Amino acid sequence: MASSSTGSSKPNFKLVDHFVAMGFPVWMVYKAIEKKGEDDKSLILDTLLAYMGPENSPSKYQCISSSSEESSSESERSSANDLFPDDDSPWIDDFTAKDKMVAILVNMGYPAVDALEAVEKCGLQAEIMELTDYIYTAQMEKQHDVQFQEPAYACPKPPHDDLPSSSRGKRKLCDIRVSRPKEMIGFGVPSHPRHIVERRLPKSALGPPYFYYENVAYSPKGTWETMSRFLDEIKPEFVDSKYFCAAARKRGYIHNLPILNRFCISPKPPCTIQEAFPDNKKWWPYWDPRTQLNCLVTVVSGFKLLSEDIQKRLESCPGDTPPKEVQEYVLVNCRKQNLIWVGKNKVAPLEPEEMEMILGFPKNHTRGGTTRLDKFKALGNSFQVDKVAYHLSVLKKEFPYGMNVLSLFSGIGGAEVALHRLGIPLKHVVSVESSKVNKNIFRSWWKETNQRGTLIEIGDVQHITIDMVGQWIKAFGGFDLIIGGSPCNNLAGGNRVSRNGLDGELSSLFYHYYRILHIVRDMMGR
DNA sequence: ACTATAATGACTGATTAA
DNA sequence: TTAATCAGTCATTATAGT
């Protein structure tokens, strides 16, 4: 089975390095070893040569995945599919009996908090009817407690609020919407803090060291299955930043962190456009219903022409209410390019400073010898700090005296900023980042915040060797956290040229994350 | 040379229609 | 159950402007 060749078993790094030294890409080496096993060197070499193939064979992911299906088994394919059965709740396998009960109620449309309370109070033997009755009476009681408000973090459209309040009282099983919009709340977000209370990790994945891996949620098919297979078969947690700030950002996370007792950093960022840009409120037409922005990306294009076009259209129609089709045109394009109102009938993209604020970075974080374009690119590629901090918050108790962090693909230091804002001291940080601009930004933050720890900067993950890791671990005793999001260029939907999948030129650096994670584990006696 | 801008669809998942 | 439709996307590259 495919599961025996990777995942729980430790890879043979000497063997991997042997072929890497010959010039084969790391991802290809892993793929070949995964397929052919570690025993027969020449067989691996043949496979690699076949992969490399004649020069004209493109390395598009479609080609590679289809060719591997031809030569190899159906079993490999089906095992990948088994990882993520077509189920509404992808975590159902991991549930305890209690979790299952809660999940059933949540899927019926009840708030997770209420569902949990009901299961705890009524016990596991309770009938569904009994549980729903409990929730109903509890909700009625809570309506009297006016002071019991949702936290300021309220999600823009809580699922249990989409039912008219009048029908809430007499909700019966038959009324309940079983399928509701899929929401990316992972194991929980501040407005749904205990969506899932427990999960089981494979033994091979238990920390230390902890690891935290991120990438775009909507990648080409099979991408997350592959990444999951390489990272201990842990199922990804998909979370949208819209629950943490005023802009959407759908990302997946594979990590082995505890998920109980997460908390938010303060100050909390504004969660709506109106809170984030109070000064722009006066320019906002009443017929633009947006309360949150779409994903902040690395570049906007054509916004000047569009802005003029919009202005002309709006000014050509009298009064405050343009015709429906004009409204529709304006809204569609504003959403598409993520524009905000900055003047009368005038729209514009966000400024870098505004992006910094929404993504949870300090003001002027990206200052320092960079062009405007550099800033957009750096920020568009970055973490949303509040969300990452929420996930990492569980480490605060465990590491009150600080952490040693291996930060791969550091970018502008989203992970470090998150830890810093959590109040977790950074003892030793090995930061791996290839972009000179990003390194400058991160270094100036490091100085600005008077970090007392040591910072080691590396330019390229591909240059990290077993020796280097060994020296770091000898020097400061090991890493507590390996964190990073590998390049999304070949995965992101916005890429029209080279959305090649995980084996694309840049996104294949994922395999180095995997490689280095396992080297660290190996060295730390895991 | 460097910087800003515009042009360039396809794919994914969710929703709705058939 | 399946097909059509909808909305949204950590982007790359050529060209214009400075």
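Since this is a predicted model, take the numbers as computed values, not measurements.
Each of A:Gly493 and A:Tyr218 lies near DNA chain B, and the nucleotide nearest A:Gly493 is the one positioned closer to the 5' end. Along DNA chain B, the nucleotide nearest A:Ala492 and the nucleotide nearest A:Phe303 are compared for position; the residue whose nucleotide lies closer to the 5' end is A:Phe303.
Nucleotide B:dC2 holds its P atom 13 Å from the NZ atom of A:Lys436, rounded to whole Å. Rounded to whole Å, the distance from NZ on A:Lys242 to C1' on C:dA7 is 12 Å. Computed from coordinates, the A:Met184 CE to C:dA7 C1' distance equals 13 Å when rounded to whole Å. Here the P atom of nucleotide C:dG8 and the CD atom of A:Glu183 are 16 Å apart, to the nearest Å. Following rounding to the nearest Å, A:Leu373 (CG) and B:dT5 (C1') show an atom-to-atom distance of 9 Å. Spacing between atom CZ of A:Arg249 and atom C1' of C:dG8 amounts to 14 Å, rounded to whole angstrom units. Between the CG atom of A:Asp240 and the P atom of B:dG13 there is a distance of 15 Å, given to the nearest Å. Spacing between atom NZ of A:Lys304 and atom P of B:dA7 amounts to 14 Å, rounded to whole angstrom units.
If you take atom C1' in C:dC6 and the same atom in B:dG9, they sit 16 Å apart, rounded to whole Å.
Remark: aromatic rings of A:Trp224 and A:Phe238 are close, center separation under 6.0 Å.
No engagement by A:Gly411 is indicated, since no non-hydrogen atom pair under 4.0 Å with the nucleic acid exists. Using a 4.0 Å heavy-atom distance criterion, A:Cys488 is classed as a base contact. Within 4.0 Å (heavy atoms only), A:Phe383 reaches no atom of the nucleic acid at all. As judged by a 4.0 angstrom heavy-atom cut-off over every strand, A:Ser486 is placed among the base-contacting residues. No contact: A:Leu296 has no heavy atom under 4.0 Å from any strand. Using a 4.0 Å heavy-atom distance criterion, A:Arg335 is classed as a sugar-phosphate-only contact.
For A:Pro349, the side chain to side chain contact (heavy atoms under 4.5 Å, CB included) test picks out A:Val300, A:Phe303, A:Leu339, with sequence neighbours left out. Listed by chain and residue number, nothing satisfies the side chain to side chain donor-acceptor pair (under 3.5 Å) test with A:Lys375 (two or more places apart in sequence, or in another chain). In terms of the side chain to side chain contact (heavy atoms under 4.5 Å, CB included) criterion, residue partners of A:Thr371 (sequence neighbours excluded) are, by chain and number, A:Leu373, A:Asp374. Judged as a side chain to side chain donor-acceptor pair (under 3.5 Å), and not counting sequence neighbours, A:Asn381 has no contacts. By the side chain to side chain contact (heavy atoms under 4.5 Å, CB included) test, A:Asp240 is found to be paired with A:Met184, A:Lys242, A:Tyr243, A:Ala248, A:Lys250, residues two or more places apart in sequence or in another chain being considered. By the salt bridge (Lys or Arg N to Asp or Glu O under 4.0 Å) test, A:Arg443 is found to be paired with A:Glu457, residues two or more places apart in sequence or in another chain being considered. The side chain to side chain donor-acceptor pair (under 3.5 Å) check on A:Asn364 picks up nothing, with sequence neighbours excluded. Residues passing the side chain to side chain contact (heavy atoms under 4.5 Å, CB included) test with A:Val394, sequence neighbours excluded: A:Leu257, A:Pro258, A:Arg262.
For A:Leu305, the side-chain atoms get nearest to B:dA6 when compared with the rest of B:dA6, B:dT12, C:dC10. With distances taken from any side-chain atom of A:Arg251 to the nucleotides C:dC10, B:dA6, B:dT12, the minimum falls on C:dC10. Candidate nucleotides B:dT5, B:dG13, C:dC10 were compared by shortest atom distance to the side chain of A:Val297, and C:dC10 ranks first. The side chain of A:Arg499 approaches B:dC11 more closely than any other nucleotide in the set C:dA11, B:dA6, B:dC11. For A:Arg372, whose side chain is taken as the heavy atoms from C-beta onward, the closest listed nucleotide among B:dA6, B:dA4, C:dG8 is B:dA4.
For DNA chain B, none of the residues of residues 341-356 of chain A falls under the heavy-atom distance limit of 4.0 Å.
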- Derivation of the ring pair (Phe, Tyr, Trp, His ring centres under 6.0 Å) call for A:His255 and A:Tyr213: CA-CA 6 Å; A:His255 63 84; A:Tyr213 174 80; over 10 Å; no
- Note, DNA chain B 5' to 3' with Watson-Crick or G-U pairs under 3.5 Å encoded as ( ), [ ], | and . gives ||||||||.|||||||||
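Ring geometry for A:Phe442 against A:Trp445 counts as parallel: the plane angle stays under 30°, on a 0 to 90° scale with 60° as the upper cut.
Here the closest non-hydrogen pair linking A:Phe376 and A:Thr298 is CB-O, 3.4 Å.
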Can I get a per-line list of side-chain donor-acceptor pairs under 3.5 Å for residues 327-335 of chain A, giving both atom names and the distance, sequence neighbours left out?
| from | atom 1 | to | atom 2 | distance (Å) |
| --- | --- | --- | --- | --- |
| A:Gln327 | NE2 | A:Pro322 | O | 3.0 |
| A:Tyr329 | OH | A:Asp309 | OD2 | 2.4 |
| A:Asn333 | ND2 | A:Tyr329 | O | 2.8 |

Give me the distances for all protein-to-nucleotides 12-18 of chain C N/O pairs that come in under 3.5 Å?
| from | atom 1 | to | atom 2 | distance (Å) |
| --- | --- | --- | --- | --- |
| C:dT12 | OP1 | A:Asn489 | ND2 | 2.8 |

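Look at A:Lys221 and you'll find a side-chain N or O under 4.0 angstrom from OP1 or OP2 of B:dG13.
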